[in-house]
Amino acid sequence: MEVYQGKSVFGGIAIGRISVHKKDEQQVKRVKIENPDLEIARYRQARQTAMEQLQNLYQKALKEVGEANAAIFEIHQMMLEDDDYNESIENIIHMQQVNAEYAVASTGDNFAQMFASMEDDYMRARSADVKDISERVLSVLGGRTAGMAASEEPVIIVADDLAPSETVQLNKDLVLSFVTVHGSVNSHTAILARTMSIPALIGTDIPLTDAIDGKLGIVDGRNGCIYVDPDEDTLSKMQQLKQEEQEKKELLQTLKGRENITIDGKKIMLYANIGNSKDLAAVLQNDAGGIGLFRSEFLYLERETFPTEEEQFQIYRTVAETMAGKPVIIRTLDIGADKKCDYFEMEPEENPAMGCRAIRICLTRPEIFKTQLRALFRASAFGNISIMYPMIISVEEVHRIKEIVAEVKQELTEQGVAFGEPKQGIMIETPAAVMMSAELAKEVDFFSIGTNDLTQYTLAIDRQNPKLDAFYDPHHPAVLRMMQMVVENAHKAGIWAGICGELGADTSLTRRFLAMGVDELSMSPGSILPVRKIILETDVTKERENNNLC
Ligand code: PEP
Ligand code: MG
């Protein structure tokens with residue numbers, strides 16, 4: 001038995017024969033031709049066929065993996081229509097009197113190199129796309145079918161790398177998993193794999209030799225490894241694990257695609273909490289209706305210096321675009337307390353949880369706040385972004401935030417930079433915000449209750465202190481009453497109220513929350529389907545009667 005390690009882009013276990021996929025090396029020869037006009041016509045015909053193939057791939061991807069992920073094939077169509085690309089090919093044919101294959105291959109190489117040398121990550125990633133479209137046209141010119149030969153039994157595909165077009169052409173019924181030597185976790189191919197729920201590994205140190213072709217393999221997407229020729233013990237252990245995973249999945253899968261609607265017709269927004277864009281796979285996989293809390297401070301925590309406006313903009317934009325119009329609520333940085341960043345150069349504090357954290361940093365160091373707001377406002381032109389401010393305690397803070405937001409918008413306008421009009425809400429996670437919720441509700445578009453901090457500050461219990469775990473009780477009636485008050489005040493002002501603290505995923509309280517009138521629940525992606533199950537089984541009217549909330 002051999003074991004090879006890679007990076008997992010999607011979990012799960014796959015067991016089956018390995019099929020080594022070798023790229024169809026398209027050997028292109030430079031051939032002198034007599035009639036460049038005829039050759040250009042041959043190129044145009046091939047391009048037309050490639051466009052039709054891409055349109056079909058787009059439709060297939062649209063059905064299987066959704067609009068956001070299918071968009072890559074629209075991008076490929078646009079690239080194939082690009083004037084510079086086409087002019088370069090036709091010029092080479094015309095000026096050098098050479099065959100279309102040679103002109104396409106050299107233009108493809110030149111453009112790919114040009115993209116690869118760009119600074120912007122997004123543009124650099126387009127290099128693979130130019131190669132992909134050029135190979136497609138070459139396949140058509142050579143009368144070959146682009147893409148992989150179909151296998152007859154379900155297999156684990158092992159390849160050097162896979163282009164997005166190759167991934168989407170995989171017949172899901174015949175592909176158990178794919179494992180590649182190269183590729184990036186952020187590539188469209190990885191995104192497609194996650195969305196298709198195929199266990200997949202990239203950057204795997206597996207040799208692409210005929211020796212492993214046809215051998216039994218086990219891909220363990222949880223631990224990021226592939227076993228080739230597994231021994232009996234490993235095989236039976238993995239079969240058992242696979243069976244258990246399958247049973248759990250099947251039970252919940254039936255709830256995918258269902259609306260979060262109670263028996264008596266109340267619709268609930270059921271969203272996911274994320275810490276960075278890598279979590280999006282799980283969001284899509286678990287059928288979240290949006291993102292209810294993007295803890296943006298993780299972008300700061302994983303760096304040595306402040307993330308720039310541009311870096312933040314790219315990340316927020318990617319998240320918004322991947323969610324394809326679904327709501328994405330991004331919380332401004334909640335640095336402080338346990339989330340410390342050296343480069344913020346904060347003074348040491350006696351009580352950091354009650355110290356300079358979150359909005360307090362933003363209001364005292366507006367240059368940091370403004371950089372993030374600029375990125376958020378710009379990114380909101382590319383999707384359905386809302387901004388949420390943490391640790392609010394007063395109406396005055398919201399007024400000050402509004403002044404800073406107005407300055408940011410004014411500056412963007414003067415600089416001619418495009419931006420959207422995101423909704424703006426606040427977290428209710430301090431007792432002060434609860435008590436002021438009637439006034440605060442008139443100032444903002446929504447409330448999201450942060451039960452982790454609300455419990456800490458209401459019960460005067462440090463949430464980081466493990467010795468106090470037995471006292472830290474988010475079910476405490478004081479916390480639940482506060483939540484009730486927040487929801488009522490939100491509704492009186494005509495705005496919605498949700499929960500994004502851990503309590504939102506507590507299925508023992510889901511019915512109670514619905515009875516309170518909570519409109520949104522946001523939680524780690526894996527909790528979405530179990531909570532959806534309870535929503536579907538709840539009659540809110542009866543629940544309100546049971547809780548004396550009529
Ligand atoms: C909360 O306090 O409930 C919350 C969601 O914020 P965090 O856990 O990030 O402090
Ligand atoms: Mg909090």
Side-chain angles (χ1 to χ4, degrees), residues 269-276 279 283 288 290-302 327-341 344 349 351-362 372 386-393 397 425-434 437 440 444 446-466 468-469 472-476 478-480 482-483 485-487 490 496-506 509-510 513 516 518-528 531:
M269 297 176 270
L270 199 50
Y271 297 164
N273 292 351
I274 63 167
N276 66 40
D279 300 333
V283 174
I291 288 166
L293 169 63
F294 179 174
R295 289 181 162 97
S296 73
E297 60 274 11
F298 284 103
L299 306 182
Y300 293 74
L301 292 170
E302 64 197 19
V328 174
I329 301 176
I330 303 179
R331 171 172 82 181
T332 56
L333 63 93
D334 187 4
I335 292 290
D338 54 318
K339 291 177 268 191
K340 292 196 178 66
C341 244
F344 272 67
E349 293 174 309
N351 288 308
M354 296 198 185
C356 195
R357 62 174 286 194
I359 203 69
R360 297 169 192 173
I361 298 181
C362 291
Q372 183 169 35
S386 299
I387 305 176
M388 177 158 75
Y389 304 103
M391 287 294 292
I392 296 294
I393 57 168
E397 279 173 345
I426 56 172
M427 292 200 58
I428 304 286
E429 50 185 346
T430 63
V434 174
S437 54
L440 287 166
V444 297
F446 61 90
F447 282 163
S448 187
I449 307 173
T451 50
N452 310 336
D453 278 318
L454 187 57
T455 305
Q456 142 163 286
Y457 296 123
T458 304
L459 306 185
I461 290 175
D462 180 355
R463 65 192 256 200
Q464 306 299 327
N465 186 343
L468 296 177
D469 278 355
Y472 182 92
D473 175 18
H475 289 212
H476 193 293
V479 177
L480 296 175
M482 284 191 168
M483 296 171 78
M485 183 175 173
V486 171
V487 175
W496 62 261
I499 302 172
C500 65
E502 296 306 297
L503 209 56
D506 186 334
L509 283 177
T510 309
F513 294 149
M516 281 182 185
V518 167
D519 305 287
E520 178 241 28
L521 292 167
S522 190
M523 59 200 65
S524 58
S527 298
I528 301 263
V531 172

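Atoms within a ligand are numbered from 1 in the order they appear, just like the ligands themselves.
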May I ask whether Gln456 places a heavy atom under 4.0 Å from ligand 1?
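Under 4.0 Å: no for Gln456.
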
Less than 4.0 Å is my threshold; does some heavy atom of Met388 fall inside it relative to ligand 1?
no

Please answer whether the main-chain N or O of [Y] pairs with a side-chain N or O of [X] as donor and acceptor at a distance below 3.5 Å.
X: Gln456; Y: Arg463; result: yes
X: Glu520; Y: Ser448; result: no
X: Asp519; Y: Ala497; result: yes
X: Tyr472; Y: Asn452; result: yes
X: Gln372; Y: Leu333; result: yes
X: Thr455; Y: Asp473; result: no

What atoms of ligand 1 come within less than 4.0 Å of a heavy atom belonging to Arg463?
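Ligand 1 atoms under the 4.0 Å threshold to Arg463: 2 (O), 7 (P), 8 (O), 10 (O).
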
Counting each atom of ligand 1 from 1 as listed, which ones have a heavy atom of Leu293 under 4.0 Å away?
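Selected atoms, number and element: 5 (C).
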
Nearest to atom 5 (C) of ligand 1 by heavy atom, Glu502, Arg295, Glu297: which?
Arg295

Within less than 2.8 Å of the Mg ion (ligand 2), any N, O or S from Glu429?
yes

Atom 6 (O) of ligand 1: the protein heavy-atom neighbour that sits closest, reported with distance to 0.1 Å:
Arg331 NH1, 2.9 Å

Would you call Arg295 and Asp334 a salt bridge, using N to O less than 4.0 angstrom?
no

For the Mg ion (ligand 2): the N/O/S atom of Asp453 at shortest distance:
OD2

Just heavy atoms, cut-off under 4.0 Å: does Ile449 contact ligand 1 by side chain, backbone, both, or neither?
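It is neither; nothing of Ile449 touches ligand 1.
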
Residue portion contacting ligand 1 (non-hydrogen atoms closer than 4.0 Å) for Asp334
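Asp334 to ligand 1: side-chain contact only, backbone stays beyond 4.0 Å.
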
